[in-house]
Number of protein chains: 2
Amino acid sequence: MNQLLRNNIARHVSLSEDQLQQFHDLFEPRLFKKKSYFLSEGQICAHEGFVLKGLFRVYHVDANGVEQVLYFAPEDWWIADIDSFSNQKPSNLFIEALEDSEVLVISRKNKDLAYEHFPAIEKLFRIMTQKTHVALQRRMIDNLSKTADKRYQDFLAKYPDLYNRLSNRQIAAYLGISHEFLSKIRNKLAKEK
Amino acid sequence: MNQLLRNNIARHVSLSEDQLQQFHDLFEPRLFKKKSYFLSEGQICAHEGFVLKGLFRVYHVDANGVEQVLYFAPEDWWIADIDSFSNQKPSNLFIEALEDSEVLVISRKNKDLAYEHFPAIEKLFRIMTQKTHVALQRRMIDNLSKTADKRYQDFLAKYPDLYNRLSNRQIAAYLGISHEFLSKIRNKLAKEK
DNA sequence: GAAAAACATTGAACAAGTTCAACAAACGCA
DNA sequence: TGCGTTTGTTGAACTTGTTCAATGTTTTTC
């Protein structure tokens, strides 16, 4: 049983050692090289993944070819296009490895098995989805009410470890601004110090 | 058993008539006059509500006093501050009735009872939270990639019934723009026709 | 270790959206 | 019916952020 996954689960629900092991056995490990894709637009998301090592970006490409990053997923995060995975329909998202990564993946069929046999797993994913939803609501509010400058500083404060692992272009795509403008913000902030 | 609630549930999971009735019995009806609050900032969200009639707005007020609308909840929608309700902590949202409204409310205690006794209810709320999360992701992407003009037109197309029930100020707060700018957009669109 | 590709910076012109102020229209209510 | 409050409109000046193009720097890749 993987420790990172065990702790991730234990943070939300309590499961017996036996159930944890059975749930764990429904996953299989998989490696993703940097720049390879966990999921591409048009594909049906066949697996949900738990990141053991590495870093992914989950993003959308709009009609003009501009990328919007929904979130970054380093170690201890889950990756999937929920809509595509749940409803078995083509995804409109990309999930790309930004570093060589290790992931525990579970298929749709095995996840349904888990839901069927372990009510606590159903609860686990209800609670996790609620938390990510609350976080997204907060981000929505921030995007509507704060300036890019402030959002950048908040991002640095919230994800200090990611700062060194991401290019400024990626951060700009997360903040919803052009990378040139982010460069100007950085310049301005540097001068202020 | 209320028909609207029955259909809302049946859209996501299947429950026996008996279970539906037992779940339904955990709710109590409540009336909200126009301009009264289902929830105010600082309060702990004690109930989750299912709107039978009327219309609510769920919004946040930022440091400058500017309101950001997270969503509007007409008939057949659920209202709550998930974060406050789940974790019993003070809310930072307001939920206000924009029309005289009727709501079925369920307390935190009764909802826990439902989760405990009916696994299908746990599944129901997992699925509903997933759907609202997917919808919010889409809105996030739209806000990052589309112009206010386009977002306004999308809003009208998506919620044609709400258009007549909301002031332009409310719609502007949902779109994340000033009401003056919305007025200019409307003027421009009217001229184009 | 060199060439190519991706990334970061800067400036100038531009577009999108805000703010403030003034006024008109509609609504709620006594 | 009328009076006060909220809502909608418009214009001018302003701020925030974009686009494009040029230049230098760092990373990849073979």
Side-chain angles (χ1 to χ4, degrees), chain A residues 33-36 55 57 59 61-69 72 94 96-100 142-156 162-193, chain B residues 33-36 55 57 59 61-69 72 94 96-100 142-156 162-193:
Chain A
K33 282 246 165 101
K34 183 171 176 170
K35 292 196 183 174
S36 69
L55 176 60
R57 65 196 260 251
Y59 67 100
V61 180
D62 74 16
N64 304 317
V66 179
E67 300 176 356
Q68 292 93 32
V69 171
F72 297 109
F94 293 89
E96 183 198 7
L98 294 176
E99 301 172 357
D100 290 346
D142 286 353
N143 266 290
L144 292 176
S145 65
K146 292 180 181 167
T147 161
D149 183 323
K150 181 82 175 88
R151 264 145 56 212
Y152 176 60
Q153 295 188 67
D154 288 354
F155 180 84
L156 295 188
L162 288 187
Y163 167 69
N164 305 304
R165 298 164 74 181
L166 293 169
S167 68
N168 288 329
R169 290 174 118 91
Q170 318 271 11
I171 296 176
Y174 179 88
L175 298 176
I177 58 176
S178 67
H179 68 277
E180 293 99 327
F181 189 55
L182 176 55
S183 178
K184 284 161 198 172
I185 289 173
R186 287 160 50 78
N187 183 300
K188 199 201 76 185
L189 292 179
K191 276 182 189 156
E192 284 175 4
K193 297 277 153 118
Chain B
K33 282 245 166 100
K34 184 171 176 170
K35 292 195 182 173
S36 70
L55 176 61
R57 66 196 259 251
Y59 66 100
V61 180
D62 74 16
N64 303 318
V66 179
E67 299 176 358
Q68 292 92 32
V69 171
F72 297 110
F94 294 89
E96 183 197 9
L98 295 177
E99 302 172 357
D100 290 347
D142 286 353
N143 265 289
L144 293 176
S145 65
K146 292 180 181 167
T147 163
D149 183 323
K150 180 84 176 88
R151 265 147 54 213
Y152 177 60
Q153 295 188 66
D154 288 354
F155 180 84
L156 295 188
L162 288 187
Y163 167 69
N164 305 306
R165 299 164 73 181
L166 293 169
S167 69
N168 288 329
R169 288 174 121 90
Q170 318 271 10
I171 296 176
Y174 179 88
L175 297 176
I177 58 176
S178 67
H179 67 276
E180 294 98 327
F181 189 53
L182 176 56
S183 177
K184 284 161 198 171
I185 289 173
R186 286 161 50 78
N187 182 300
K188 200 201 74 186
L189 291 178
K191 276 183 189 156
E192 284 175 5
K193 297 276 155 122

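Remember, it's a predicted structure, so these values are computed and weren't measured experimentally. Order of the sequence lines sets the chain letters (A, B, ...), proteins ahead of strands, with each chain counted from 1.
Chain A approaches DNA chain D within less than 4.0 angstrom (heavy atoms of the protein), and the contacting nucleotides run 5' to 3' from D:dG17 to D:dT28. From the 5' end on, the contacts that DNA chain C makes with chain B at under 4.0 Å to a non-hydrogen atom open and close at C:dG17 to C:dG28.
With sequence neighbours excluded, no residue forms a salt bridge (Lys or Arg N to Asp or Glu O under 4.0 Å) with A:Lys34. Every residue meeting the side-chain contact (heavy atoms from CB on, under 4.5 Å) condition with A:Lys33, not counting sequence neighbours, appears here in chain and number order: A:Ser36, A:Asp100. Legend: residues meeting salt bridge (Lys or Arg N to Asp or Glu O under 4.0 Å) with B:Glu180, ordered by chain and number and at least two apart, are absent. By the salt bridge (Lys or Arg N to Asp or Glu O under 4.0 Å) test, A:Asp154 pairs with A:Lys146, A:Lys150, sequence neighbours left out. With sequence neighbours left out, A:Arg169 forms a side-chain contact (heavy atoms from CB on, under 4.5 Å) with A:Ser167, A:His179. Residues passing the side-chain contact (heavy atoms from CB on, under 4.5 Å) test with A:Asn164: none are found, sequence neighbours excluded. Taking the side-chain contact (heavy atoms from CB on, under 4.5 Å) definition, one finds that A:Ser183 meets it with nothing, sequence neighbours left out. Residues satisfying the salt bridge (Lys or Arg N to Asp or Glu O under 4.0 Å) criterion with A:Arg165, sequence neighbours excluded, are A:Glu75, A:Glu99.
Closest of all the heavy-atom pairs between B:Arg186 and B:Tyr152 is NH1-OH, 3.1 Å. Between A:Arg57 and A:Leu98 the shortest heavy-atom distance is CD-CD2, 3.3 Å.
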| Criterion side chain to side chain contact (heavy atoms under 4.5 Å, CB included) on A:Leu175 and A:Asn143, from CA distance to verdict | CA-CA 8 Å; A:Leu175 298 176; A:Asn143 266 290; over 6 Å; no
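Within the nucleic acid shown, A:Asn187 comes within 4.0 Å of sugar-phosphate atoms alone, with no base atom in reach, counting heavy atoms only. Contact annotation for A:Lys150: no contact, since no heavy-atom pair falls under 4.0 Å across all strands.
Aromatic ring pairs are classed by plane angle as parallel below 30°, tilted from 30° to 60° and perpendicular above 60°; the pair A:Phe94 and A:Tyr59 is parallel.
Of the residues in residues 174-186 of chain B, B:Gly176, B:Ile177, B:Ser178, B:Glu180, B:Phe181, B:Lys184 come within less than 4.0 Å of DNA chain C through at least one heavy atom, sorted by number.
Residues B:Thr147 and B:Lys35 each lie close to DNA chain C; by heavy-atom proximity, the contact nearer the 5' end of the strand is made by B:Thr147.
The shortest distance between side-chain heavy atoms of B:Leu166 and B:Phe155 falls below 4.5 Å.
Comparing the start and finish of the helix from C:dG1-D:dC30 to C:dA30-D:dT1, five pairs each, the helix axis swings through 60°, to the nearest 10 degrees.
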